[in-house]
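Numbers here simply count residues along the sequence, with the first being 1. A quick note: this is a predicted structure, and the numbers were derived from the prediction, not measured.
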Amino acid sequence: MHLQAAAPRQLPYQDMAALDGQEQRAQRVTWAVGAVAGAVLVVLGCLLCTRLLF
């Protein structure tokens, strides 16, 4: 007994311009969070080093 596979369905329409805009906004948020985290780490590193020196 052999079964016939169903034909593939059509994917829904995707608004590529909107997807690109959302991706750019998400990338900006990612970079902003990374920059804030980096700044906090630099400040904490400086505080730790000054604490060890003095």
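Other residues sharing a hydrophobic cluster with Tyr13 under the 4.5 Å side-chain heavy-atom criterion for ILVMFWY residues do not exist; the residue is a singleton. Membership of the apolar cluster around Leu19 extends to Met16, as traced through chained side-chain contacts below 4.5 Å between ILVMFWY residues.
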Give every donor-acceptor pair under 3.5 Å between a side-chain atom in residues 24-51 and any protein atom, sequence neighbours left out.
{"from": "Thr30", "atom 1": "OG1", "to": "Ala26", "atom 2": "O", "distance (Å)": "2.9"}
{"from": "Thr50", "atom 1": "OG1", "to": "Cys46", "atom 2": "O", "distance (Å)": "3.1"}
{"from": "Thr50", "atom 1": "OG1", "to": "Leu47", "atom 2": "O", "distance (Å)": "2.9"}

